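Computed from a prediction, not measured in an experiment: that's the story for all the values here.
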Amino acid sequence: MTAQIEMAVRGPEAYSLARDVISDMEKVGVWPTPLNFELWLHYMGDPEAPLGREIKRLLSEKIVINDETAELLAAEFLPRSRLSEDIRDAGAVLDRELANVAGAIAKAHKTQADYGETLVAASQTMEAAEDGAPLKTLVGGLTIATKRVRRETAILEKRLESSNKEVARLREHLEQVRRDAMTDALTNLANRKAFDERLERVCAGDDHAPLTLAILDIDHFKRFNDTWGHQTGDQVLRYVSTILSRVCSGNRFVARFGGEEFAIIFPGESAGAVTMALETILEEVSSRSLRRRSTNDDLGAVTLSAGFAEHMSGEAASSLLERADAALYASKHAGRNRVTSAIALETAA
């Protein structure tokens, strides 16, 4: 569940939201199971997200959303479901590998024990031997036992080597799953979950180091979507994210905040440097006249509004986010396509 929805269901509007979700589910004939309820929370929270559009497609085509359909939707669109499924799969493979290794170790242990017994018997035979014939037989038995131990040890080594490779592969796979769960599929930027975790971490860090949070929003995006369609809207989101990724290299952290909003964390940079970076972004985004890929229609220029806030000593992440958001809305109200500082806003007030 995204942080935005998670906050909503823990706030004053939770009951109203729950009633709206249940009402909509009843209207379209979807049973209020826990999984369906979670899917519908995401759907109603952001109808233009990939999950929202897929649910709208299913409803428009009158496809029944049963338990199987819900599981498929969750597996594809809910990062937690994908992560849980991949972890279960990886755990099953790891259990199998550990069982195989345990079996190989047990077998090698038995062989070693048998070899020890053979050596004890050989020692006793050597002490009692009076001529060479028994010794020849003894040496032959020791040779066979030694070869057996070597063979079992070699099998164990190969089994351990194979298991080490499999565990390394699983570790890499789970790391990729973790990255996927923290990445927005459309823009390839960090998603809201990754952003929330990073912001909490940096706000809890060294209070003496400069830290600035900026929130950016595509101007008139809803009108743009309504005019040209959501696929073209996705094209615009990817265009903006490409510029954000290029400008926000190094220690800067950029994420898709939700819908048409983006967030950037600037660690260790002055307010002047942040302002310059944001103005560069706004200028680059608006410098091109976009064209619709499917029809080559002229879409015109896209503009962004931005607001930023500098972290104050001991300030919680939620407070910093609230101040940056207020600065963003000040940019919107002042005519859009501009950058506003929270300090300037608070001083003016």
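- Within a 6.0 Å radius of CZ in Arg223, no more than 12 heavy atoms belonging to other residues, nucleotides or ligands are found.
- Looking only at atom types and distance, the side chain of Thr187 has no donor-acceptor partner in the side chain of Ser241 under 3.5 Å away.
- Residue Leu278 is not grouped with residue Leu213 when hydrophobic side chains (ILVMFWY) are merged at heavy-atom distances under 4.5 angstrom, including chains of intermediate members.
- A distance of 9.0 Å separates CG of Leu199 from CZ of Phe257, quoted to the nearest 0.5 Å.
- Smallest separation of non-hydrogen atoms from Leu282 and Arg338: CD2-N, 3.5 Å.
- Of the residues Asp184, Leu186, Leu189, the one that meets the side-chain contact (heavy atoms from CB on, under 4.5 Å) test with Leu237 is Leu186.
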- Val64 and Thr69: side chain to side chain contact (heavy atoms under 4.5 Å, CB included), yes or no, with the steps? CA-CA 8 Å; Val64 177; Thr69 307; over 6 Å; no
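- Follow the hydrophobic side-chain contacts under 4.5 Å out from Leu304 and you reach Phe266 in the same cluster.
- Aromatic ring pairs are classed by plane angle as parallel below 30°, tilted from 30° to 60° and perpendicular above 60°; the pair Phe253 and Phe195 is parallel.
- No continuous path of ILVMFWY side-chain contacts below 4.5 Å connects Trp31 to Leu39, so the two sit in separate hydrophobic clusters.
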- Worked verdict on Val254 versus Leu244 for side chain to side chain contact (heavy atoms under 4.5 Å, CB included): CA-CA 7 Å; Val254 60; Leu244 290 172; 3.9 Å; yes
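- Side-chain atoms of Thr303 and Asp219 include a donor-acceptor pair closer than 3.5 Å.
- To the nearest 0.5 angstrom, Glu200 atom CD is 7.0 Å from Cys203 atom SG.
- Between Pro47 and Ile55, the closest side-chain pair of non-hydrogen atoms is not below 4.5 Å.
- The backbone N or O of Met312 lies less than 3.5 Å from a partner atom in the side chain of Glu315, making a donor-acceptor pair.
- The environment of OH in Tyr329 is sparse: at most 12 heavy-atom neighbours from other residues, nucleotides or ligands sit within 6.0 Å.
- Distance check, rounded to the nearest 0.5 Å: CZ of Arg238 to OG1 of Thr242 gives 9.0 Å.
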- Going through the distances and angles, do Leu328 and Leu216 end up as a side chain to side chain contact (heavy atoms under 4.5 Å, CB included)? CA-CA 7 Å; Leu328 166 65; Leu216 303 92; 5.8 Å; no
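- Ser319 contributes no side-chain N or O that, together with a main-chain N or O of Ala316, makes up a donor-acceptor pair within less than 3.5 Å.
- With a 4.5 Å cut-off on side-chain heavy atoms, His333 and Thr340 do not count as touching.
- For Arg252 (side chain) and Val247 (main-chain N/O), a donor-acceptor pair under 3.5 Å exists by modelled atom type.
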- Task: Step by step, work out the side chain to side chain contact (heavy atoms under 4.5 Å, CB included) result for Val302 and Ile218.
- Result: CA-CA 7 Å; Val302 174; Ile218 300 176; 3.7 Å; yes
- Message: For Arg256 and Glu261: C-alpha separation, side-chain torsions, deciding distance, then whether salt bridge (Lys or Arg N to Asp or Glu O under 4.0 Å) applies.
- Response: CA-CA 6 Å; Arg256 185 181 178 192; Glu261 286 191 328; over 6 Å; no
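- No donor-acceptor contact under 3.5 angstrom links the side chains of Asp20 and Ser23, judged on distance only.
- In the model, Asp217 has no side-chain atom that pairs as donor or acceptor with a side-chain atom of Ser305 under 3.5 Å.
- Using modelled atom types, no side-chain atom of Arg288 and backbone atom of Glu284 make a donor-acceptor pair closer than 3.5 Å.
- For the atom pair CG of Leu320 and CZ of Phe308, the computed distance is 11.5 Å after rounding to the nearest 0.5 Å.
- Considering all non-hydrogen atoms of both residues, Ala70 and Asn36 come closest at CB-OD1, 3.1 Å.
- Looking only at distances, a side-chain donor or acceptor of Ser331 sits under 3.5 Å from a matching main-chain atom of Ala306.
- Rounding to the nearest 0.5 Å places NE2 of His220 at 13.0 Å from CG of Asp226.
- Between Arg201 and Glu197 there is no salt bridge, since no side-chain N of the basic residue sits under 4.0 Å from a carboxylate O of the acidic one.
- For Ala324 against Ala309, the heavy-atom pair with the smallest separation is N-CB, 3.6 Å.
- Residues Ile243 and Phe224 share a hydrophobic cluster, clusters being chains of Ile/Leu/Val/Met/Phe/Trp/Tyr side chains in contact below 4.5 Å.
- If you take CG on Leu299 and CD on Gln235, they are separated by 6.5 Å, rounding to the nearest 0.5 Å.
- A salt bridge links Lys27 with Asp24; the closest basic N to acidic carboxylate O contact falls under 4.0 Å.
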- Give the intermediate values and the outcome of ring pair (Phe, Tyr, Trp, His ring centres under 6.0 Å) for residues Trp40 and Phe37. CA-CA 5 Å; Trp40 238 253; Phe37 186 81; over 10 Å; no
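- Linking Ile, Leu, Val, Met, Phe, Trp and Tyr whenever their side-chain heavy atoms come within less than 4.5 Å leaves Val339 and Ile215 in two separate clusters.
- The residues Glu310 and Arg323 are annotated as not salt-bridged, no charged nitrogen and carboxylate oxygen being separated by less than 4.0 angstrom.
- Ion pairing between Lys56 and Glu48 holds under the 4.0 Å rule for side-chain N and carboxylate O.
- Partners of Asn225 under the side-chain contact (heavy atoms from CB on, under 4.5 Å) rule, at least two apart in sequence or in another chain, are Phe221, His230.
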